[in-house]
Engineer: 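Here it is, the structure in full.
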Amino acid sequence: MKQPITYELLHICKQTGARRGIIHTPHGDIDTPVFMPVGTQATVKSMTPEELKEEVEAKIILANTYHLYLRPGEKIIKEAGGLHKFMNWDRAILTDSGGFQVFSLGPLRKITEEGVEFKSHLDGSKHFLSPEKVMEIENDLGPDIMMAFDECVEYPSTYEYTKQSMERTTRWAKRCKEAHKRPEEQGLFGIVQGGMYKDLREQSAKDLVELDFPGYAVGGLSVGEPKELMCELLEFTTQFLPKDKPRYLMGVGTPDYLIEAAIRGIDMCDCVLPTRIARNGTAMTWNGKVVVRNAVYERDFTTLDAECDCYTCKNYTKAYIHHLIKTKEILGVRLLSIHNLRFLTKLMERVRIEIENDNLLNFRNEFYNKYGY
């Protein structure tokens, strides 16, 4: 069977082991390592698809299975011709399984071997998601890459519970693969779990690799543990993943974590961070964070970031964006969102160049000094 998602390895950094590659998808090629903007409700907040393509130069975005299942419902999206047509996006899309959202509901959900019963955060209505149901939803949504249904344990979590959860995640992954109805059109990724325990991470990775998915995600990291522990576990885990398939670290989007992930052999990362902090009046720049809502920028008629080539930096000043944020004008959020998303896209472009030049460690150190880490 022809795989819809394939990975082409172009170069391994001699300094770090970081990978430079290309992920081939039905909706275009993606240079990696890559940062993927998050479009939870079939939209990257305040951005048009044209802006994402032309200003941000995004090649792939995410959408959220849990949220789209609740609103507007996967059947409506299927009726529209799938997510690509529904949201007018002709590049690649990845949908997560909704597992993280369901498990973060805490007392509103109940986990069994069959799946998860939960109450909607919107209206309290009862729902049940099983691996089979999640596959049906994601098949209807029609993304290029879809994630298996997994359980993401909280941090910290006991060894006993983490082991039970990891083993259930593997059983669910097998059920997902069996229930996947469009394997020639959509690539299904397995998700490695195991909390903060190396032996469980190793077991999870090996069991999932046996199931032979076209790609693998590392889940359950960056959930509150120290950065050093996250890096250690990530480096440990990736050694058990195939070299000829994409590797995705879920839910990571700060510049330092993106660089550290690349150093440890990760190809894909995603996070809501750039648009979330834009709504709080914060920009990421090559010289660190700029909290443009602060009064110090009221009369600052310089650009957000002299090193940035985005639409916002080419056309507007900190003083103007400060004014927009203070007056709660939506344009302020839009301009900061364009900038932050372009900044992370540009950062990953630079990471790819430094991998090719076998210079990623040196770049990391220079970047950290400028950014203020």
Engineer: With Asp150, which of Ser97, Ser165, Ser204 fulfils side-chain contact (heavy atoms from CB on, under 4.5 Å)?
Structural biologist: Ser97
Engineer: Quick one: ring-ring contact (aromatic ring centres under 6.0 Å, His included) pairs with a partner in residues 295-320, sequence neighbours left out?
Structural biologist: Tyr311-Tyr316, Tyr316-Tyr320
Engineer: More than 12 heavy atoms of other residues, nucleotides or ligands under 6.0 Å from NZ of Lys110: yes or no?
Structural biologist: no
Engineer: Could you check whether atom NZ of Lys326 has more than 12 heavy atoms from other residues, nucleotides or ligands sitting under 6.0 Å from it?
Structural biologist: no
Engineer: I'd like to know if Arg264 pairs up with Glu260 as an ion pair, taking the criterion as any Lys NZ or Arg NE/NH1/NH2 lying under 4.0 Å from an Asp or Glu carboxylate oxygen.
Structural biologist: yes
Engineer: Spell out, as yes or no, whether a donor-acceptor pair under 3.5 Å connects the side chain of Thr303 to the backbone of Ala306.
Structural biologist: no
Engineer: Report the residues that fulfil salt bridge (charged side-chain N to carboxylate O under 4.0 Å, His left out) with Arg279, sequence neighbours left out, ordered by chain and then residue number.
Structural biologist: none
Engineer: Applying the side-chain hydrogen bond (donor to acceptor under 3.5 Å, both in side chains) criterion to Asp90, which one of Lys85, His84, Lys53 satisfies it?
Structural biologist: Lys53
Engineer: Considering residues at least two apart in sequence or located in another chain, which fulfil the side chain to side chain contact (heavy atoms under 4.5 Å, CB included) criterion with Cys176?
Structural biologist: Pro131, Met135, Ala148, Phe149, Leu188
Engineer: Considering only residues two or more places apart or on different chains, which pairs with a residue in residues 281-294 satisfy side chain to side chain donor-acceptor pair (under 3.5 Å)?
Structural biologist: none
Engineer: In chain order, what residues pass the side chain to side chain donor-acceptor pair (under 3.5 Å) check against Asn88, with sequence neighbours excluded?
Structural biologist: Glu50
Engineer: Counting only heavy atoms not in Glu356 (residues, nucleotides, ligands), do more than 12 fall under 6.0 Å from its CD?
Structural biologist: yes
Engineer: Is Glu354 paired with Arg364 through a side-chain N to carboxylate O contact shorter than 4.0 Å?
Structural biologist: no
Engineer: Would you say the rings of Tyr66 and Phe118 are close, in the sense that their centroids are separated by under 6.0 Å?
Structural biologist: yes
Engineer: Name all residues meeting the side chain to side chain donor-acceptor pair (under 3.5 Å) criterion together with Asp31; count only those two or more places apart in sequence or in a different chain, and write none if there are none.
Structural biologist: Arg20
Engineer: For the rings on Tyr197 and Tyr159, is their centre-to-centre separation under 6.0 Å?
Structural biologist: yes
